[in-house]
Amino acid sequence: MKPRVRFAPSPTGYLHIGGARTALFNWLYARRNGGTFVLRIEDTDLERSTPESVKAILDGLKWLGIDWDEGPEVGGPFPPYFQTQRLASYKKHAEQLLAQGKAYRCYCTKEELDARRSEGGLGWKYDGKCRERKDTPNLPAVIRFKMPHGDGSYSFDDHVLGRITKTFSDLDDFVMMRADGIPLYNFGCVVDDHEMEITLVGRGQEHVNSTFPQLALYDALGWKPPTFAHFPLILGPDREKLSKRKHPEADVMLHKKNGILPEALLNFVIRLGWGHGDDEFIPVEQMKQWFGFENVGKTSGVWNPEKLVWLNQQYLKKLPIEDIAQRVTPFVPGVAAGDPRIAKLVGAFRERTKSLGEMGEKMAGYFKHGVTIDAEAAAKHLTPDGKGVLAKARDALTPLGTWNAAAIDEAVKKLAETSGLKMGAIAQPLRVAVTGTTTSPGIGETLELLGREEALSRIATALK
RNA sequence: GGCCCCAUCGUCUAGCGGUCUAGGACAUUGCCCUUUCACGGCAAGAACACGAGUUCGAAUCUCGUUGGGGUCACCA
């Protein structure tokens, strides 16, 4: 049987890094095994769910290149894919459980519950006050699941964690549905996973405990539960679960803004909790061949920005120049898409920068007229001696027939020979004059990139 | 605190009873290359949490301790 897996985010904000990885793992599993990847929006938290968040999540997934076979925008055989549009179904199953005595109406108010909970302290479980209640007052009531009592337990064989068990006594009568008919997570999730014929639920480890009430539900409804895979969490630098509140890097799109390539983000994120021997550079096509739960680790991983950025540079270096050129353009202020100079600049800067943002910043100077010269650099290289060398260099360069890196380098080299100077003694004053800093690509390359007119003009300005 | 999960270099990890004086990668340091900066190459330091078992033999299996994380909502 072909597996059917899903990613079921709650639209209460942007696409979270943890969610992105959960989506990635499920998506790869589906792709690797010829299965189906379903996207379902769990928007039952009416207070916090917004259409903007739905869009943000969809946009995030698209940016990452994670496509879904069923779900919003594409439809599928089990619509709708928004939980708030499936209320009739939850109602039907809730009433069935009610009729069978497997669930009951609870009239305890939020306030009463809070009071009893604070009295009971941490770990307080619902006391069953309404469990055996026979009357049916005309009051708002939530529906609670009647958890079995006794010595039994629920267990399941997790694809990554192995067998996990929990006894009935550690579970309580959780609420399945609010008084207004909106289901809560555990209930909505079970009904939908069953109706959408999900065969395997892959999600973060923060959900292992919620697997038990869900198993109880499958049991009560007489349904065969899917299998489960719980993935290790991604931790922030403080070693706590990466959260939107405390960790800005949890926002997938923030990385886009910073000039991280989706390829690199995917590669980085998959290595947090999954590996394939000693491989580090793993393009998506390769992931699709290799990914499996056998190699998903059990231990949480800490977010490591240095490694992300290193991977990003690996992709910057390996992707086609034209491709990078197109993607870096938005990061270069005032440059129109398709400017042919961008591609040449990419060739020079892809090995010197780690993100599109950084690359764009460095490129910007090549599109302006004139430069601001760094005082420290000037003090070191534009000394009277340095200016003397600079003037000689100008004289050697001005008559050049072809203005390209090879010709320029040759001219500089010749000047070094005839004047008895070291290459550096010539290149550095030139570099400072022309870029304002002591660092740049090779001097010939730099001058070519600038263009004859601009380069000579900058030299002239520095000489004044 | 109850319950659940986890435990190899600073970080991500390889390791699935002997091939481990524990391998790779990021980061760090040094050297080489070199017109600067990068890239690249080479090298170094850096880990099996602890304690009992099981076994001829344990990083690998069992138990305990300690440590870390998760979860205990009419959020998901």
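When the ring pair (Phe, Tyr, Trp, His ring centres under 6.0 Å) test is applied to F212(A), the partners found at least two apart in sequence or on another chain are F156(A). Legend: residues meeting ring pair (Phe, Tyr, Trp, His ring centres under 6.0 Å) with H276(A), ordered by chain and number and at least two apart, are W290(A). Checked against ring pair (Phe, Tyr, Trp, His ring centres under 6.0 Å), Y218(A) has no partners two or more places apart in sequence or in another chain. Residues meeting the ring pair (Phe, Tyr, Trp, His ring centres under 6.0 Å) test with Y14(A), sequence neighbours left out: none.
At the heavy-atom level, G275(A) lies nowhere under 4.0 Å from the strands shown. Contacts of G444(A) with the nucleic acid, taken as non-hydrogen atoms under 4.0 Å apart, are absent. Within 4.0 Å of D172(A), counting heavy atoms only, lies no atom of the nucleic acid at all. Among the protein residues, T299(A) comes within range of the sugar-phosphate backbone only, with heavy atoms under 4.0 Å from sugar or phosphate atoms but none that close to a base. Contact annotation for P9(A): no contact, since no heavy-atom pair falls under 4.0 Å across all strands.
Comparing C5(B), U36(B), G40(B) by their closest approach to the side chain of Q314(A) singles out G40(B). With C74(B), U35(B), C39(B) as the choices, the nucleotide that has an atom nearest any side-chain atom of K317(A) turns out to be C39(B).
Between the CD atom of E445(A) and the C1' atom of C39(B) there is a distance of 12 Å, rounded to whole Å. The CG-P distance, from L215(A) to C4(B), rounds to 15 Å in whole Å. Per the geometry, CZ belonging to R352(A) stands 16 Å off P belonging to U34(B), to the nearest Å. Distance CG (L161(A)) to C1' (A7(B)): 13 Å, rounded to an integer number of Å. One interatomic measurement links the two molecules: CD1 of I282(A) to P of U13(B), which rounds to 12 Å at whole-angstrom precision. For E47(A) and C74(B), the CD to C1' distance is 11 Å, given to the nearest whole Å. Taking atom CZ on R431(A) and atom P on U34(B), their separation rounds to 15 Å, with Å as the unit. Rounded to whole Å, the distance from CD on E112(A) to P on C74(B) is 13 Å.
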Under 4.0 Å protein heavy-atom contacts per nucleotide of nucleotides 64-73 of chain B, with B for base, S for backbone only and - for none: -----SBSBS
Heavy-atom protein contacts under 4.0 Å, nucleotides 18-28 of chain B, coded B base, S sugar-phosphate only, - none: -----BBBSS-
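Across the interface with RNA chain B, nearest-nucleotide mapping of G424(A) and C108(A) shows G424(A) to be the residue nearer the 5′ end. Taking for each of A427(A) and S10(A) the nucleotide of RNA chain B with the nearest heavy atom, the 5'-most of the two is the partner of A427(A).
Between K246(A) and D238(A) there is a salt bridge, since a side-chain N of the basic residue sits under 4.0 Å from a carboxylate O of the acidic one. Electrostatic pairing of K146(A) and D173(A) does not count as a salt bridge here, judged by no charged N lying under 4.0 Å from a carboxylate O. E95(A) has no carboxylate O lying under 4.0 Å from a charged side-chain N of R105(A), or vice versa, which leaves the two without a salt bridge. A salt bridge links D192(A) with R86(A): at least one charged nitrogen is closer than 4.0 Å to a carboxylate oxygen.
C42(B) and C33(B) have their P atoms separated by 15 Å, with the value rounded to a whole Å. Straight-line distance between the C1' atoms of A59(B) and C6(B): roughly 16 Å, to the nearest whole Å. U54(B) and U60(B) have their C1' atoms separated by 13 Å, given to the nearest Å. Annotation: G41(B) and G24(B) have their P atoms spaced 14 Å apart (nearest Å). Rounded to the nearest Å, the gap between the C1' atom of C63(B) and that of G30(B) is 46 Å. Using C1' as the reference atom, C3(B) and G51(B) are 26 Å apart when rounded to the nearest Å. U71(B) and A47(B) have their C1' atoms separated by 30 Å, with the value rounded to a whole Å. Straight-line distance between the P atoms of G18(B) and G2(B): roughly 38 Å, to the nearest whole Å.
Not one side-chain nitrogen or oxygen of T109(A) sits closer than 4.0 Å to the OP1 or OP2 atom of C74(B).
Put simply, NZ on K318(A) and CD on Q313(A) are 10.0 Å apart, with the number rounded to the nearest 0.5 Å.
Across all strands shown, C37(B) forms no Watson-Crick or G-U wobble pair with both key distances under 3.5 Å. In this entry C72(B) has G1(B) as its Watson-Crick or G-U wobble partner, both defining distances falling under 3.5 Å. Pair assignment for G51(B) gives C63(B), based on Watson-Crick or G-U wobble hydrogen-bonding distances that are each under 3.5 Å. Within the shown strands, U29(B) is the pairing partner of A43(B) under the Watson-Crick or G-U definition, both distances less than 3.5 Å. Nucleotide U19(B): unpaired (no Watson-Crick or G-U wobble partner with both distances less than 3.5 Å).
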Steps toward side-chain hydrogen bond (donor to acceptor under 3.5 Å, both in side chains) verdict (S49(A), T12(A)): CA-CA 5 Å; S49(A) 296; T12(A) 55; over 6 Å; no
Residue pair R203(A), T22(A): steps toward the side-chain hydrogen bond (donor to acceptor under 3.5 Å, both in side chains) verdict: CA-CA 6 Å; R203(A) 74 234 299 195; T22(A) 296; over 6 Å; no
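At a cut-off of 3.5 Å, with distance as the only test, no side-chain donor of H16(A) or S243(A) sits close to an acceptor on the other residue.
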